[in-house]
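Letters go in sequence order (proteins before strands), and every chain restarts at 1. Predicted model, so just to flag it, every value in this text is computed and none were measured.
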Amino acid sequence: MATNSLRTAYGEALVELGKDNKNIVVLEADLGKSTMSCLFQAAYPERYFEMSIAEANMASTAAGLALTGKIPFINSFAVFSTGRCYDQLRQTISIAGLNVKICGSSAGLSDYGDGSTHQSIEDMGLMRGIPGMTVLVPVDAVETTQMVAAMVEHKGPAYIRINRNDLPILTATDRKFEIGKLYTLREGTDAVVFANGVMVSKALAAAEVLAKENISLKVINVPTVKPLDRPAVIAAAAGMKAVVTAEEHSVIGGLGSAIAEALRLEKGVPLDFVGIEDVFGTSALGYDELIEHYGLTAKAIADKVRTLVG
Amino acid sequence: MNADICKIGHLQQKACELREHIIDMIHVAKSGHPGGSLSIADIVATLYFDELNIDPEQPQRKDRDRVILSKGHCCPVIYGVLAMKGFFAVEVLQTLRKMGSILQGHPDMKKVPGLDMTTGSLGQGLSVGVGMAFGAKALNMESRVYVILGDGELNEGQVWEAAMSAAKFKLDNLTAIVDCNHLQVDGFCQDVMPIEPIDKKWEAFGWQVVKIDGHDMEQILAAFSTARKSIGKPTCILAETVKGKGVSFMENVCEWHGMAPNDNQCQLAFHELKGGQVQ
């Protein structure tokens with residue numbers, strides 16, 4: 001039945017969408033068995049281009065394919081598909097507004113064993129800074145599937161940030177996904193958490209704990225970091241005693257920054273971030289151990305909410 | 001033979017006219033890159049007035065041939081030729097680099113009719129050409145893709161990534177044209193970063209290599225013809241050129257890479273170019 005793996009869901013979604021839409025082509029930089037673009041390769045080998053360990057060339061080649069009407073998806077680990085290709089994504093793809101889709105796989109700390117060189121803590125920030133770039137962070141496998149379909153429909157460059165590890169399913173299969181929309185997963189009246197990716201389930205756990213202390217925490221999943229629905233963010237924050245963001249990313253440039261930018265003209269909003277505090281990642285034997293080390297926990301969210309609520 | 005001589009004379013005249021536009025627009029803009037625009041002018045004139053399958057009435061036609069000016073700073077040469085071909089009015093050339101102009105300091109495909117790609121960050125154009133050539137083949141189109149690179153630009157590692165992949169995918173509809181004018185911003189290529197022998201490098205990467213005098217129309221035409229006949233291999237045309245070609249005081253002078261002529265220099269250049277036209 002349904003997978004809990006976001007990357008498997010990603011690969012399967014490409015295969016499913018590619019069945020009818022022959023314009024979808026997939027480019028890979030020698031990590032197909034990790035990004036799961038290999039599923040597309042098996043289904044449609046003639047529309048799969050192994051570009052090997054040359055990410056910059058892969059990104060610019062995708063630009064050329066887009067200029068002939070194709071819908072190229074480029075794949076690598078998030079550190080490489082955003083960092084190593086940044087100039088190509090900015091100069092060649094985004095200034096020209098080309099219809100290239102970028103997959104940042106094994107994002108955040110999710111490649112726990114490989115350490116700092118392979119853990120992307122700033123990719124949301126890099127992508128968010130590019131005018132016209134859509135930035136998407138799926139919470140689970142179901143949302144990943146819906147998101148890939150939306151990326152195909154969307155015209156223009158779009159980035160999807162995919163966690164390497166299995167995550168709990170929080171999204172109903174019949175939910176409609178729209179780029180730019182916020183999704184409330186738990187209602188609350190005292191405080192609100194804006195979270196995405198792995199941190200949404202942590203926020204829900206924090207809400208459970210706080211409920212026992214009579215603090216009512218609203219939990220909002222923000223799968224689209226850009227374009228951010230600013231009026232919806234302002235409305236959700238209005239009257240709350242605490243606004244906390246939670247992300248598997250540096251507190252500089254990611255979801256927290258985006259929410260702070262959205263609320264910048266609102267008076268008296270008590271705001272705090274849960275995220276990585278401007279340091280690189282490190283190797284660990286397990287994912288849970290690592291995100292705990294960086295304070296990406298339900299406890300950290302609950303603590304920040306309590307402090308602000310007072 | 002007479003027809004050929006006539007054609008070559010016609011192309012030489014177009015190249016001369018193109019050089020005048022280059023000097024004029026950079027003079028008016030008071031900044032820009034004349035040296036590398038002049039060095040590639042004969043090749044660009046031949047491409048647009050003889051080789052390319054393009055239609056100014058339908059600049060977006062799907063099966064058109066495409067050109068990527070990977071050395072985007074030399075856009076005056078492309079702006080000039082596109083205006084001469086009628087993609088937009090020649091008067092527009094006077095707006096180069098002005099606020100609101102379609103003619104940006106580096107070429108923007110969203111603004112300029114007939115321009116196939118946005119460029120400016122060196123080293124990326126050949127990869128884009130690989131994608132376009134792929135796309136054309138996938139659509140069973142006869143389109144050919146031409147990418148113009150500088151010799152200094154070959155320092156960018158991505159050029160060689162693209163070279164690898166074009167050979168792997170047997171893109172015989174792709175032609176790289178390297179403007180070997182031997183100068184870059186900081187000096188002579190051989191001093192800044194020696195990469196000779198260039199021909200052997202392209203050959204080693206699996207390309208058909210044609211070496212020509214980039215100012216000899218006959219050789220340029222022959223090189224394009226050789227490229228067209230290639231089966232299963234992309235072609236690299238290594239064009240031996242003179243930076244600043246056609247304006248004696250700009251020739252082989254490093255500073256004219258990115259400097260605009262003043263009023264006197266502009267007049268002198270025109271005088272020389274007009275003289276050339278009479279020949």
Side-chain angles (χ1 to χ4, degrees), chain A residues 18 21-30 44-74 76 80-81 84-102 130-132 155-157, chain B residues 60-70 72 104-112 115-141 143 145-147 156-169 171 173-174 205:
Chain A
N21 191 335
K22 306 287 188 219
N23 282 329
I24 297 175
V25 295
V26 173
L27 293 83
E28 178 55 64
D30 202 33
Y44 318 110
E46 73 289 354
R47 281 189 273 149
Y48 183 84
F49 303 117
E50 174 57 80
M51 304 305 290
S52 196
I53 313 163
E55 296 80 6
N57 182 48
M58 172 174 70
S60 304
T61 298
L65 283 161
L67 283 163
T68 63
K70 302 289 177 195
I71 306 172
F73 279 75
I74 63 172
S76 187
F80 306 125
S81 62
R84 191 157 189 131
C85 301
Y86 180 77
D87 194 57
Q88 288 72 18
L89 299 185
R90 180 191 192 276
Q91 311 280 21
T92 295
I93 292 171
S94 299
I95 291 181
L98 299 178
N99 199 20
V100 174
K101 316 303 174 187
I102 304 114
I130 300 177
K155 295 269 184 293
Chain B
Q60 291 299 319
R61 207 187 65 206
K62 278 212 167 81
D63 66 346
R64 70 187 186 279
D65 289 341
R66 299 174 192 233
V67 176
I68 299 165
L69 183 71
S70 193
Q104 295 288 297
H106 286 77
D108 185 334
M109 58 170 279
K110 290 204 283 194
K111 295 188 161 73
V112 185
L115 184 76
D116 291 314
M117 188 57 207
T118 298
T119 49
S121 180
L122 293 173
Q124 302 181 22
L126 190 58
S127 302
V128 178
V130 167
M132 280 183 181
F134 256 145
K137 277 186 180 278
L139 295 168
N140 290 317
M141 293 188 309
S143 306
V145 180
Y146 299 84
V147 182
E156 292 279 7
Q158 191 183 342
V159 172
W160 302 101
E161 294 182 6
M164 258 187 306
S165 60
K168 170 185 171 178
F169 294 108
L171 299 175
N173 55 344
L174 177 66
F205 275 85

(request) Counting only heavy atoms closer than 4.5 Å, note whether Leu98(A) contacts chain B via side chain, backbone, both or neither. (result) side chain

(request) Go through Met164(B), Met141(B), His106(B), Lys168(B) and name the one with the most non-hydrogen pairs under 4.5 angstrom from chain A. (result) Lys168(B)

(request) Measure distances from Ala162(B) to the heavy atoms of chain A and classify the residue's part below 4.5 Å as side chain, backbone, both or neither. (result) both

(message) Please rank Thr92(A), Leu27(A), Ile53(A), Ile95(A) by heavy-atom pairs under 4.5 Å with chain B and give me the top one.
(response) Thr92(A)

(request) List in chain and number order the residues that pass side chain to side chain contact (heavy atoms under 4.5 Å, CB included) with Ala163(B), two or more places apart in sequence or in another chain; answer none if no residue qualifies. (result) Trp160(B), Trp202(B), Phe205(B), Trp207(B)

(request) Could you have a look at Thr61(A), Asn57(A), Thr68(A) and say which one has the most heavy-atom pairs with chain B under 4.5 angstrom? (result) Asn57(A)

(message) If I compare all heavy atoms of Ala63(A) with all of Ile93(A), which pair ends up nearest, and what's the gap?
(response) CB-CG1, 4.0 Å

(message) If the condition is side chain to side chain contact (heavy atoms under 4.5 Å, CB included), which residues does Lys111(B) pass it with, not counting sequence neighbours?
(response) Ile102(B), Gln104(B), Asp108(B)

(request) Can you see which heavy atom on Ala166(B) is nearest to which on Leu174(B), and at what distance? (result) CB-CD2, 3.7 Å

(message) At a 4.5 Å cut-off on heavy atoms, which part of Ala96(A) comes close to chain B: side chain, backbone, both, or neither?
(response) both

(message) Return the NZ to CD1 distance between Lys155(A) and Ile71(A), rounded to the nearest 0.5 Å.
(response) 6.0 Å

(message) So for Glu50(A), is it side chain, backbone, both, or neither that comes closer than 4.5 Å to the heavy atoms of chain B?
(response) both

(request) Would you mind telling me which of Ala54(A), Ser60(A), Pro72(A), Gly97(A) has the largest number of heavy-atom pairs within less than 4.5 Å of chain B? (result) Ser60(A)

(request) Find the one option among Gly69(A), Ala59(A), Ala56(A), Ala66(A) whose heavy-atom pairs under 4.5 Å with chain B are most numerous. (result) Ala56(A)

(message) If I take atom CD1 from residue Ile130(A) and atom CD1 from residue Ile102(A), how far apart are they, to the nearest 0.5 angstrom?
(response) 7.5 Å

(request) Answer with side chain, backbone, both or neither: which region of Lys110(B) has an atom nearer than 4.5 Å to a non-hydrogen atom of chain A? (result) side chain

(request) Please determine which of Arg61(B), Arg64(B), Arg66(B) meets the salt bridge (charged side-chain N to carboxylate O under 4.0 Å, His left out) test together with Asp116(B). (result) Arg64(B)

